[in-house]
Each structure stands twice: as C-alpha cells, then as structure tokens.
Amino acid sequence: MTQKAKEKALNLVIVESPAKAKTIEKFLGKDFLVKSSYGHIRDLAKKDFGVDLANNYQPQYVISSDKKDVVKELKSLVQQSETVWLASDEDREGEAIAWHLYEVLGLTPAQTKRIVFHEITKEAILKAIKNPRPIDINLVDAQQARRVLDRLVGFELSPVLWKKVKPSLSAGRVQSVAVRLLVEREREINAFNADSAFRVVARFFVTDEDGKKHELRAELNHRFKTEEEAFQFLSHCKNGQFSVEQVTRKPLTKSPAAPFTTSTLQQEASRKLGFSVGQTMSVAQRLYEAGKITYMRTDSVNLADTAVAAAVQKIKSDMGEKYVQTRQFKTKSKGAQEAHEAIRPTYMDKEAVSGTAAEQKLYDLIYKRTLASQMSDARIERTNVNITVSGSTYKFHASGEVILFDGFLKMYIESSDVEKEDEEAPGFLPPLKEQDVLGLIAMEARERWTQKPPRYSEAALVRKLEEQGIGRPSTYAPTISTIQQRGYVVKEDRPGNPRKYRLVQLEAGEVKKSVKTENAGAERSKLFPTDIGMVVNDFLVKYFPNIVDYEFTAKVEKEFDQIAVGDVQWTKAIDQFYQPFHNQVEETLEKSERNTGERVLGSDPKTGKPVIVRIGRYGPMAQLGDTENEDEKPAFASLTREQSIETITLEEALKLFELPRDLGLYEDKKVVVGIGRFGPYVRHDGKFASLKKGVDDPMEISLERAIELIEEKRERDNKKIIKSFEKEPDLQILNGRWGPYIGYKGKNFKIPKEKDAEKLSFEECLKLVEDGGKKAPATKKATTKKKTTASGKKTTASKSTKAKKSAAKK
DNA sequence: CAGTGAGCGAGCTTCCGCTTGACTT
C-alpha cells in the first residue's frame with residue numbers, strides 16, 4: 001500500500017476535549033486518529049445580535065477567533081480521511097457541535113458518522129462505533145433556539161440597563177435570576193426580627209450496679225419566653241426529683257450519598273476543604289487532564305458498570321464482602337442531560353494520587369465518595385430517654401446513637417453544616433432503665449436567639465440554581481464570577497456583632513442570673529448583593545417579571561424539548577417569545593424612569609438641607625442639599641463598602657460629610673483621611689495608603705495610627721524595587737505579585753525562573769527586554785487594547801448601519 | 001493613579017454553553 005492510500009484510509013474521530021481524545025485513541029488503535037474540537041467552534045456574530053431579525057431569525061455564525069487554528073487543522077485532516085466520526089457529547093450542545101463541524105468542515109452524509117457514548121470505556125467506545133447514526137437536526141434546532149433566545153434576552157436587556165441604570169451592566173436568563181436569589185435573601189435578612197427564648201439544658205448522673213457514676217446531658221422539652229419563668233423553673237428544680245420515665249430504642253438505617261456531580265462536588269469541596277467553586281473546578285481540571293478522574297462537568301450520578309465492578313472488588317478486598325452493596329442512583333435535578341458519568345476516579349483501586357495538596361485532597365474526596373456509594377447501609381440504634389421532674393409537667397429529653405454496623409460510614413460521611421464535635425456528642429448514652437433515679441449536677445437556662453436566614457455561599461447558590469434547573473455544570477463557576485465582576489455581588493467575610501444574652505444557672509443548690517456576650521451574625525466567605533445589584537434587580541423585576549421569573553428557564557426548556565422531538569419549529573417558538581418581549585423592551589425604554597434607588601433619609605438638623613442616598617456614576621453615594629438650588633452646589637460623599645442604600649441611617653450618612661478630615665502634620669506635610677474609589681485612605685505628601693479593613697475607622701483614626709500606615713506603605717514601596725541602574729533609570733528590577741520582573745519604559749518583562757533576579761547585570765536585563773519584546777511584543781494590557789480597537793472598528797461600522805436601519809424603519 | 005457625582009458628544013459596554021491554555025505585575 002502506498003503512503004497516500006494509507007492516509008486516505010484514515011478514520012478521523014472528533015471529540016470535544018483533548019484529554020478525552022488521548023484516552024479514546026488508545027482504545028481504538030492505529031486505524032483511528034482522534035482529535036478535539038475544544039468545545040464549540042462557532043458562535044453567533046456579535047454585531048446586530050448575530051441574528052437576522054428581518055429574515056426569520058437566521059443565525060449569523062462566525063468561527064470563534066481562538067478556534068481558527070483548530071478548524072484549519074481539522075479541515076486538512078478531513079482531506080486525508082475516508083470517514084469522519086463526530087463523537088461530541090450526546091446532549092443538545094454536543095449535537096450542535098457535531099452539526100457545526102459538519103457544516104464548517106464541508107462534510108458529506110456519506111463520509112460522516114455521528115456516534116455517542118456516555119462512558120469513556122473501551123466497551124462503550126467500540127459499541128458506539130458499531131452503532132453510528134445521522135446528526136439529529138431537531139436536537140440541533142433545540143440548541144439553536146436556546147442560543148438565540150439567550151442572545152436576544154441578553155443583548156436587548158443589557159442596553160436597557162445602560163440607559164436606565166448605569167453603563168456596562170448586564171442582564172441574562174441565568175445571571176439575573178442568580179442575583180435575584182441573593183437580593184431576596186438579603187431583604188428577608190433585613191426584615192428579620194430576632195426572637196429569643198430560654199433553652200434549658202441539664203447535666204445528670206446515674207449510678208450503675210457497680211457504683212460507677214455516668215454523666216448524661218438532657219434538654220427540656222420547653223423553652224421559656226421570659227427570664228422570670230426560667231428562674232422559677234430552675235428554682236423549682238433545686239429540690240426536684242428526676243427519674244427516667246421511658247426508654248425507647250429504634251433501629252435506623254443510613255444510606256450513602258450519590259457519587260459526585262459538578263454541583264455536589266463544588267458543595268462538598270466548599271464545606272470540607274473551603275474551596276471556592278472556581279478553585280474546585282480548576283483543581284478537578286488538572287486531575288482530569290492527568291487521567292486521574294473522569295470528566296468534571298457533569299450532571300449525572302451514573303457510574304459505568306466497569307467502575308462499579310472495580311469498586312466492588314476494592315471494597316471486598318479492603319473491608320470484606322459484607323461492606324458491598326451496589327446501587328444505581330437517579331438524578332434529581334431538573335433539566336439534567338446526563339451526557340457523561342458521575343465524577344469518579346478513573347481507576348477505583350487508586351487510593352491516592354501525587355500532585356499538589358489541593359489535588360490530593362480533592363481526589364481523596366472523590367475517591368471516598370465514589371467508593372462509599374457502593375457500600376452497605378449503616379445500621380444504627382437510636383435511644384430516646386424521657387426524664388420527669390417532680391412537681392412539673394415538663395420533661396427532659398436525651399438521645400443517643402449506637403452504630404451497630406458502620407457500613408459506608410467507614411469510608412465517607414457527607415457533611416452538613418454540623419461540626420464534628422456535634423457528631424460525637426449524640427454518641428453514647430449510659431445504661432439506663434425506666435424508674436432509674438438521676439442526680440443533678442448542674443442546669444442552665446440560656447437565652448437563645450432565632451437565627452436570621454443564612455446568606456448564600458458560592459456553593460449554596462450553585463445548589464439552588466441547579467435545583468431550579470438554571471444554568472449548566474460548565475457555567476456555574478463562570479456565572480458566579482460574572483455577577484461579582486459586574487458589581488452586583490461581593491464575596492466577603494463579615495465579623496458579626498457582639499450581642500448580649502441572659503443566663504440563669506443552677507449549681508450547688510443555688511440559682512444565679514447573669515448577662516453575657518456572644519458574637520452574632522459572623523459570616524465567612526458569603527455572597528452579599530450590592531446596591532447596584534439591588535437596584536438592577538428591582539428594575540428587572542418591575543419591568544421584566546416574566547424574564548427573571550424563577551420558572552422562566554423551566555418554561556423555555558419545555559419548548560426546547562418540543563423542538564427536539566420535532567413537534568415545534570424553532571423559529572416559530574422564538575418568534576412567539578420575541579414579539580411580545582421586544583415590545584416590552586421598547587415600552588420600558590419609553591416609559592420607565594431612570595432608576596437610581598434613591599432614598600430620602602431626612603434633613604440635616606444643622607442646615608435643614610435634605611439628605612438623600614442613591615446610585616451615582618461611580619457607585620452608591622450620599623448627597624447633602626438640592627441639585628435644583630442653583631446658588632449652592634450639593635455636597636457629595638461615597639458610601640463605604642459596608643454601607644448600603646437600603647439600610648443606611650441619617651446619622652451614618654451625615655457622618656460621611658465630615659470627610660476628608662485633617663489629622664494634623666507629619667514631616668511638615670498635611671495628613672488627610674478620606675474615602676476614595678478604593679475605600680478609606682490616608683493621604684500624605686501626594687501618596688496614598690489604604691486603611692486596614694475591619695481595623696481602622698476613618699472617623700476615629702488617630703494621627704499616630706495614620707503615620708504608622710504611611711510608614712508601612714513606604715516600606716512596601718521600597719521593597720518593590722529590587723535593583724535599579726544608574727545608566728538607565730527607566731529600567732528596574734521589581735518585586736510583583738508573581739515574583740520579580742523587569743519594568744522598562746512602562747512595559748513589563750518576565751525573568752526566567754532559573755535566574756537570580758538580584759544578580760542580574762544591566763546587560764542581561766537589556767537582553768531579556770529584547771527577547772521578551774520579540775516573543776510577546778506587548779503585555780496583556782497592550783494586547784487587549786489592540787483587540788478592543790480592532791473589534792471596536794468593526795462594531796462601530798455595524799452599529800452605525802444598524803442605527804441607520806432602525807431610523808429608516810421609523 | 002483615590003477629594004469625582006448627568007458641562008459637549010461619540011463610542012463602548014452585553015448573553016449562555018462548549019472547551020483549554022497563555023499569561024498575569
């Protein structure tokens with residue numbers, strides 16, 4: 001056979017991910033070349049929506065700029081191939097990827113085979129190769145409808161916000177609902193009134209037959225509303241008789257949780273390892289690329305048969321037959337498409353992997369969760385004990401658990417928000433029988449406050465979105481960073497506030513009252529909606545309630561399903577949505593007021609001028625005085641990060657106008673404290689130093705502390721310069737966030753890792769600058785600038801034609 | 001590039017879902 005003929009006989013398989021391509025190539029052998037498309041290769045053009053509204057919503061697709069090389073390579077490989085196997089995922093997006101490839105690569109039906117598999121196992125792949133099918137154009141149309149709908153919603157809605165709220169904002173089917181969830185929770189929290197009651201806990205002892213004493217904690221089945229009632233009860237208990245009334249035992253079984261999906265992995269990694277959802281995904285990506293776990297963006301809880309078999313083998317050999325119990329889990333989440341397996345170790349017998357600490361920890365989590373899912377139920381006996389108090393109708397209650405058979409608990413315990421200490425607490429109960437008499441050690445009634453609803457963590461928000469069927473595994477992490485980038489949401493720690501609580505204690509025959517302090521409402525790494533987020537949300541809820549409705553996605557998904565089975569034409573479905581939606585947009589542009597979230601707080605007692613808060617061009621601000629008063633301009637001040645338009649008081653707002661504040665002199669120059677774009681700062685001799693968050697208060701800060709901050713800043717600035725040269729003051733070796741680098745005439749250049757930055761000579765530096773200049777002619781800033789100007793020109797042209805068009809229509 | 005807060009006005013921003021690197025100051 002000639003070389004050419006050999007090449008022509010080639011089978012080209014195209015999958016979505018390069019890591020997958022590598023694995024599959026091994027299964028298929030020499031006759032097959034497996035390549036990756038790296039996801040979608042085309043998308044709607046940015047200009048004019050990328051949708052031809054005058055021509056039945058015809059999509060205008062362009063090859064994505066970062067896929068040009070991929071497409072070029074695939075095209076040339078197609079030339080050498082007899083058969084092209086389109087092996088993208090078996091879901092809506094995957095079918096569309098196959099179709100785009102078919103179109104762009106100019107394939108013919110005769111040379112094209114569409115294949116699908118849900119597991120990356122040899123059996124599954126070989127079976128798929130034996131069962132090719134044509135591209136399902138109805139499913140492709142469902143994807144086109146999804147894509148066009150999202151584009152129309154996003155690109156019509158966002159400009160409304162630019163006009164009515166603030167430039168550069170965004171709205172969309174997914175992100176706007178995510179923000180809505182946070183805003184509504186924040187309002188619940190603001191409206192929440194904490195209520196308190198006294199919870200009574202007692203420590204008893206019981207003496208067994210051998211005269212040994214055992215301790216027992218029990219809680220009263222009633223909470224007292226007032227301190228007086230609690231005091232009365234404890235006083236009564238001073239001389240009370242406590243006896244066991246009833247002991248009941250109840251068997252329980254616990255079952256393991258399903259193997260991980262993207263969403264559950266993000267939640268567990270957040271709770272157990274403290275990872276953000278973005279961190280989890282990038283660590284998982286590395287494990288996936290190294291072939292250690294299966295694909296990490298999935299909504300399926302299914303495991304391949306071979307994986308279950310391997311898990312069984314491992315459980316048997318490590319722990320014994322009685323720990324094996326296989327299960328098929330079913331997905332509960334709305335709109336799951338299950339194109340992949342659950343996230344599991346590639347090899348079930350591999351208990352640990354090498355790599356970074358984060359990779360090892362995440363792998364451990366995945367390994368244990370997967371194995372546990374095929375292990376036996378745990379059998380537990382729960383004991384409940386009631387204890388009577390002489391002369392009272394109230395009873396104490398205690399419960400304990402004994403694990404009869406640990407089963408999957410041996411491997412993995414799914415975390416809730418309960419801490420470990422609590423898990424140990426309901427462990428053992430001492431041996432007790434009915435009629436046993438108990439001795440009292442101590443008793444206390446502590447005032448407990450009802451809890452505000454919790455703010456969402458990133459992972460909790462993902463869970464909520466998934467429950468509602470909003471967003472996909474590949475978009476959870478990006479969505480969360482988008483809403484933070486737009487300034488709708490900030491992720492923060494809040495320290496909480498001291499709160500007093502009352503305590504009544506009975507000890508050594510005496511009842512005492514006291515008042516103590518606890519810290520309440522502290523939050524770690526939670527999502528807080530900002531004022532902008534709230535104003536945008538309120539605007540959308542008012543004018544586009546149908547779009548930000550929690551059910552909107554579910555509703556359109558039903559339409560997409562009908563398109564996918566061929567019952568509805570996709571352009572018809574889009575038309576039915578778009579006509580009324582577009583009218584809604586036009587009407588809103590015409591009728592709605594600019595929305596600044598303005599709130600009048602009252603008037604300044606000194607001058608009588610009105611004090612209002614609203615969103616200004618640069619964010620939330622307070623204003624003292626009227627804009628209508630032409631003689632005198634109003635004074636303005638930014639709100640601090642912690643303050644909110646919704647909750648700020650008149651007093652707090654008035655304080656803002658006391659800034660900037662003169663603190664005095666240092667080295668004969670003025671020291672001024674103020675609040676700027678980046679938060680509270682101290683200014684001295686033309687230089688700025690930020691105040692420490694949570695430590696310094698701009699209203700209270702002293703001159704001494706301000707000087708400290710100035711000196712610290714100086715120190716940092718000095719450390720920034722590692723080396724400079726007399727010959728060329730523009731060239732410096734600097735210390736940056738990612739280690740040393742060379743700064744030269746406003747541009748930055750890398751220093752190779754093996755070089756010692758401090759020992760570089762002037763000539764060596766110049767050489768690095770030259771080399772760097774050749775390889776990467778510009779830093780990232782410069783490249784993005786170039787990009788924006790290039791595309792800027794395009795959009796300029798298109799925008800003006802579009803403007804003309806719409807003007808002509810009218 | 002930090003005390004700003006609709007001066008003219010043009011041009012720009014934006015969606016959701018598939019995928020990875022390249023590169024950050």
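Here is the naming used below: chain letters follow the sequence lines, and residue numbers restart at 1 for every chain.
When heavy atoms are screened at a 4.0 angstrom cut-off, A/S17 is found touching the sugar-phosphate backbone but no base atom. Counting any heavy atom pair closer than 4.0 Å across all strands shown, A/G94 reaches no nucleic acid atom. Across all strands shown, A/L161 has no heavy atoms under 4.0 Å from either base or sugar-phosphate atoms. Backbone-only engagement by A/G172 is indicated by non-hydrogen atom pairs under 4.0 Å involving sugar-phosphate atoms exclusively. No contact: A/V153 has no heavy atom under 4.0 Å from any strand. Within 4.0 Å of A/G619, counting heavy atoms only, lies at least one base atom of the nucleic acid. Among the atoms of the strands shown, none is found under 4.0 Å from any heavy atom of A/R42. No engagement by A/F657 is indicated, since no non-hydrogen atom pair under 4.0 Å with the nucleic acid exists. Here A/P478 lies out of heavy-atom contact (under 4.0 Å) with every strand. Among the atoms of the strands shown, only primed sugar atoms or phosphate atoms (P, OP1, OP2) are found under 4.0 Å from some heavy atom of A/A171. Using a 4.0 Å heavy-atom cutoff across all strands shown, A/Y288 reaches sugar-phosphate atoms only and no base atom.
Nucleotide B/dG17 holds its P atom 14 Å from the CE atom of A/M281, rounded to whole Å. One interatomic measurement links the two molecules: CD of A/E95 to C1' of B/dC18, which rounds to 14 Å at whole-angstrom precision. The CZ atom of A/F560 sits 13 Å away from the P atom of B/dC16 (whole-angstrom rounding). Here the C1' atom of nucleotide B/dG17 and the NE2 atom of A/H100 are 11 Å apart, to the nearest Å. The interatomic distance linking A/Q175 (CD) with B/dG17 (P) rounds to 11 Å, in whole Å. Between A/D66 atom CG and B/dC23 atom C1' there is a gap of 15 Å when expressed in whole angstrom units. Rounded to whole Å, the distance from NZ on A/K68 to P on B/dG21 is 20 Å. Protein atom CD of A/E593 is 17 Å distant from nucleotide atom P of B/dA6, rounded to whole Å.
With values rounded to the nearest 0.5 angstrom, A/W570 atom CH2 is found 9.5 Å from A/Y57 atom OH. For the atom pair CG of A/L161 and OG of A/S176, the computed distance is 7.5 Å after rounding to the nearest 0.5 Å.
Look at the P atom in both B/dG11 and B/dC15: the space between them is 23 Å, to the nearest Å. Distance noted for atom P between B/dC12 and B/dC8: 22 Å (whole Å). The gap from the P atom of B/dG17 to that of B/dT13 amounts to 22 Å, rounded to the nearest Å. Rounded to whole Å, the separation between the P atoms of B/dA22 and B/dC18 comes to 24 Å.
When only modelled atom types and interatomic distance are considered, A/Q337 and A/D89 share no side-chain donor-acceptor pair under 3.5 Å. In this structure, a donor-acceptor pair under 3.5 Å is absent between the side chains of A/R297 and A/T262. With 3.5 Å as the limit, one finds a donor-acceptor pair spanning the side chains of A/Q143 and A/E93.
Each of A/V672 and A/D150 was assigned the nucleotide of DNA chain B with the nearest heavy atom; the assignment lying further toward the 5' end belongs to A/V672.
Side-chain proximity of A/Q285 to B/dT19, B/dT20, B/dA6: nearest is B/dT20. When each of B/dT20, B/dC15, B/dG3 is scored by its nearest atom to the side-chain atoms of A/R683, the top-ranked nucleotide is B/dG3. Among B/dC18, B/dT13, B/dT20, the nucleotide with an atom closest to any side-chain atom of A/S474 is B/dC18. Comparing B/dG5, B/dG17, B/dT13 by their nearest atom to the side chain of A/S638 picks out B/dG5. In the set B/dA2, B/dC18, B/dA6, the nucleotide with an atom closest to the side chain of A/R472 is B/dC18. Candidate nucleotides B/dG5, B/dC15, B/dT19 were compared by shortest atom distance to the side chain of A/M621, and B/dG5 ranks first. Across B/dG21, B/dG5, B/dT19, the shortest atom-to-atom separation from the side chain of A/E289 is found for B/dG21. Minimum atom distance to the side chain of A/Y681 is reached by B/dG3, of the listed B/dG5, B/dG3, B/dT19.
Here A/W162 counts as stacked on B/dT13: its ring centre is under 5.5 angstrom from the base ring centre and the planes meet at under 30°.
For the pair A/R180 and A/Y550, the cation-pi criterion (under 6.0 Å, within 45° of the ring axis) is fulfilled. The cationic group of A/R151 lies under 6.0 Å from the six-membered ring centre of A/F155 and within 45° of the ring axis, placing it in a cation-pi geometry.
Side-chain atoms of A/R147 and base atoms of B/dC15 include a donor and an acceptor less than 3.5 Å apart. Judged by distance alone, with hydrogens and angles left aside, A/S170 brings no side-chain donor or acceptor close enough to the base of B/dT14 to form a pair under 3.5 Å. No N or O donor and acceptor, one from the side chain of A/R146 and one from the base of B/dG17, sit under 3.5 Å apart.
Between A/H100 and A/Y61, the two ring planes are perpendicular [angle over 60°; tilted spans 30° to 60°].
Contact annotation: A/S158 does not reach the phosphate of B/dC15 (side-chain N/O to OP1 or OP2, under 4.0 Å). Dashed line: the shortest gap from a side-chain N or O of A/R297 to OP1 or OP2 of B/dT19 is under 4.0 Å.
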